[in-house]
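Everything quoted here is computed from the prediction, not taken from an experiment.
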Amino acid sequence: NTSGDLIYTCTDATEQGQYFWEAFPAGSGADHRTTYMFSYLDASEHRPSLEEMFEDYWRIMPAYQNVELEHLKVQRVLFGFFPTYRDSPLQPQWNRILQVGDASGI
């Protein structure tokens with residue numbers, strides 16, 4: 001458990017979107033690992049719900065990490081979402097600043 005993944009996918013893109021993964025060793029022990037699943041989606045009603053995405057995490061994660069769920073000792077689960085805007089209501093203070101990255105909405 002000495003390496004990690006950055007923007008890895010093990011599923012195909014569909015109308016619903018595509019999941020991406022990141023994983024890396026955790027500092028709490030040699031065999032501990034932190035794993036993220038994420039996607040870039042709009043808020044259309046035909047997209048999966050947050051609950052469906054959380055269920056997909058547990059369904060797909062064993063194939064991604066090559067481990068059965070029964071063999072895992074889960075220490076912490078954190079689930080959330082980060083809304084973004086194409087025309088953000090939170091504008092920078094100066095017009096010479098360009099917001100970029102996941103939360104920029106660009």
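Of all heavy-atom pairs between Val77 and Phe54, the closest is CG1-CZ, 3.5 Å. Smallest separation of non-hydrogen atoms from Ile7 and Glu22: N-CG, 3.7 Å. Minimum heavy-atom separation, Ser49 to Glu52: N-OE1, 2.6 Å. Smallest separation of non-hydrogen atoms from Gly4 and Arg33: CA-NH2, 4.1 Å.
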Quiz item: Can Phe38 and Tyr40 be said to form a side-chain contact (heavy atoms from CB on, under 4.5 Å), step by step?
Solution: CA-CA 7 Å; Phe38 61 96; Tyr40 297 101; 3.7 Å; yes
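The closest side-chain heavy-atom distance from Gln16 to Leu41 is not below 4.5 Å. Annotation: side chain of Ser28 is in contact with side chain of Gln75 (closest heavy-atom distance under 4.5 Å). Two residues are said to be in side-chain contact when any heavy atoms from C-beta on lie closer than 4.5 Å; Glu55 and Arg59 fail this criterion. Using a 4.5 Å heavy-atom threshold, the side chains of Arg47 and Asp42 count as touching.
A side-chain donor-acceptor contact under 3.5 Å links Thr9 and Gln18.
The same ILVMFWY cluster, assembled from side-chain heavy atoms under 4.5 Å apart, contains both Trp21 and Leu50. The hydrophobic clustering, which links ILVMFWY residues whose side-chain heavy atoms are closer than 4.5 Å, places Leu6 and Met37 apart. Each of Met61 and Tyr36 belongs to its own hydrophobic cluster when Ile, Leu, Val, Met, Phe, Trp and Tyr are linked at side-chain heavy-atom distances under 4.5 angstrom.
Tested against Tyr8, the residues Phe20, Tyr19, Tyr64 include a single side chain to side chain contact (heavy atoms under 4.5 Å, CB included) partner, Tyr64.
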